[in-house]
Amino acid sequence: MHFFRAREAADEWVKGREAVVALSLEEAFELAQVHWVKRSNQA
């Protein structure tokens with residue numbers, strides 16, 4: 001996991017890397033909620 005000062009810096013870092021996605025903090029939070037929290041509540 002990497003944190004960047006600006007979206008542009010993240011987009012530049014992502015260029016040329018395979019299977020890498022830059023997410024905003026909000027997007028990362030939502031992904032974590034869906035993947036970990038909601039899934040663990042269903043178990």
Side-chain angles (χ1 to χ4, degrees):
M1 182 181 304
H2 298 281
F3 292 91
F4 296 91
R5 197 171 263 252
R7 181 63 182 232
E8 295 78 18
D11 291 341
E12 187 64 31
W13 187 85
V14 167
K15 284 183 185 175
R17 290 178 163 81
E18 294 182 26
V20 176
V21 176
L23 301 174
S24 68
L25 287 175
E26 293 80 13
E27 292 167 329
F29 180 80
E30 181 62 29
L31 179 62
Q33 291 296 306
V34 170
H35 186 72
W36 295 108
V37 176
K38 292 178 182 174
R39 188 180 284 178
S40 67
N41 288 339
Q42 293 174 353

Measuring from [X]:[atom1] to [Y]:[atom2], what's the distance to the nearest 0.5 Å?
| X | Y | atom1 | atom2 | answer |
| --- | --- | --- | --- | --- |
| E27 | E30 | CD | CD | 10.0 Å |
| R7 | L23 | CZ | CG | 7.0 Å |
| L25 | F3 | CG | CZ | 6.5 Å |

*asked:* With a sphere of 6.0 Å drawn around CZ of F29, does it hold more than 12 non-hydrogen atoms of other residues, nucleotides or ligands?
replied: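 Incorrect, the count does not exceed 12.
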*So does R17 have more than 12 non-hydrogen atoms from other groups sitting under 6.0 Å from CZ?*
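Atom CZ in R17 is crowded, with more than 12 foreign heavy atoms closer than 6.0 Å.
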*Which heavy-atom pair separates A10 from F4 by the least distance, and what is that distance?*
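Taking A10 first and F4 second, the nearest heavy atoms are CB-CD1, 3.6 Å.
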*By ring-ring contact (aromatic ring centres under 6.0 Å, His included), which residues pair with H2, not counting sequence neighbours?*
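Per chain and number, H2 pairs via ring-ring contact (aromatic ring centres under 6.0 Å, His included) with W13.
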